[in-house]
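Beneath this line is the structure, given in structure tokens, with notes to follow.
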Amino acid sequence: QLQLVESGGGLVQPGGSLTLACTASGYTLNYTQIGWFRQAPGKERVGVSCITSSGAVTYYADSVKGRFTISRDNAKNTVYLQMNSLKPEDTATYYCVAQGRTRISTTQAMCVREYGLDYWGSGTLVTVSS
């Protein structure tokens, strides 16, 4: 059974940066598409960024394009979300999500249509405030 653990959340001032990490255990992430989703209180869940198993293809929501970067280190079984130029509207709980190994989809299908959101971490809170 795949288990995902997020880390790196916290309080940061507007304009600041944070890097979230999602570390997996249970089996290798080498063949697994991963996404970062976020949900703010009272708002709908949003697919922020998704990355293919090889890391070759990525998707970003328009609201974070140019500010966030998703990457992965399959040797460490870890996926990262580098967040720069943070804004108060980025405040949310961020979840790492993995597709099952037998799933085949685009990053857009995962992030936008929420296809194959099979495994979830417990989330890490990011608060952007002065």
Side-chain angles (χ1 to χ4, degrees):
Q1 181 76 358
L2 178 63
Q3 294 184 321
L4 304 171
V5 178
E6 303 96 336
S7 61
L11 174 64
V12 63
Q13 293 187 339
S17 298
L18 282 176
T19 299
L20 305 183
C22 171
T23 301
S25 61
Y27 61 73
T28 177
L29 288 182
N30 287 12
Y31 309 105
T32 303
Q33 189 159 274
I34 302 291
W36 286 96
F37 287 72
R38 71 184 182 188
Q39 188 162 24
K43 295 189 176 181
E44 290 189 356
R45 182 173 67 205
V46 174
V48 174
S49 183
C50 292
I51 187 168
T52 54
S53 58
S54 68
V57 180
T58 57
Y59 167 89
Y60 295 96
D62 287 343
S63 58
V64 306
K65 206 171 290 184
R67 300 188 297 120
F68 290 12
T69 303
I70 191 170
S71 63
R72 62 192 299 158
D73 185 340
N74 285 345
K76 294 183 178 180
N77 236 22
T78 300
V79 177
Y80 304 96
L81 186 68
Q82 172 70 42
M83 306 185 295
N84 298 327
S85 303
L86 283 161
K87 304 175 181 180
E89 51 264 42
D90 295 317
T91 296
T93 298
Y94 285 71
Y95 299 91
C96 176
V97 185
Q99 286 187 336
R101 285 181 291 187
T102 59
R103 300 268 193 196
I104 299 175
S105 81
T106 63
T107 52
Q108 187 169 8
M110 183 179 186
C111 260
V112 178
R113 298 207 301 270
E114 298 196 347
Y115 173 76
L117 306 186
D118 296 314
Y119 301 97
W120 289 77
S122 58
T124 185
L125 178 63
V126 172
T127 303
V128 185
S129 174
S130 54

_Cation over ring face, Arg103 and Tyr115, 6.0 Å, 45°_ = yes

*Between Gln82 and Thr19, is any side-chain donor less than 3.5 angstrom from a side-chain acceptor?*
yes

_Asn84 side chain near Phe68 side chain, heavy-atom distance below 4.5 Å_ = no

*Looking at SG of Cys50 and CD of Gln33, how far apart are the two atoms once the value is rounded to the nearest 0.5 Å?*
6.5 Å

*Measure the spacing between CD of Glu6 and CG of Leu81 and express it to the nearest 0.5 Å.*
11.0 Å

*Run through Thr107, Thr69, Val48, Ile51 and flag the one making a side-chain contact (heavy atoms from CB on, under 4.5 Å) with Tyr60.*
Thr69

*State the CG-OG1 distance between Asn77 and Thr32, to the nearest 0.5 angstrom.*
8.5 Å

*Would Asp73 and Thr78 count as having a side-chain donor-acceptor pair, cut-off 3.5 Å?*
no

*Can you tell me how far the OG1 atom of Thr102 sits from the CG atom of Asp118, to the nearest 0.5 Å?*
7.5 Å

*To the nearest 0.5 Å, what is the distance between OH (Tyr119) and CD (Gln3)?*
11.0 Å

_For the residue pair Tyr31 / Arg101, report whether a side-chain donor-acceptor contact shorter than 3.5 Å exists._
no

_Ring-face cation contact, Tyr80 with Arg72, 6.0 Å cut, 45° max_ = no

_Any carboxylate oxygen within less than 4.0 angstrom of a Lys/Arg side-chain nitrogen, looking at Asp62 and Lys65?_
yes

*List the steps, then state whether side-chain contact (heavy atoms from CB on, under 4.5 Å) holds for Met110 with Val97.*
CA-CA 10 Å; Met110 183 179 186; Val97 185; 4.3 Å; yes

_So, taking the atom named CG in Asn30 and the one named CG in Asn74, what distance separates them when rounded to the nearest 0.5 Å?_
4.5 Å

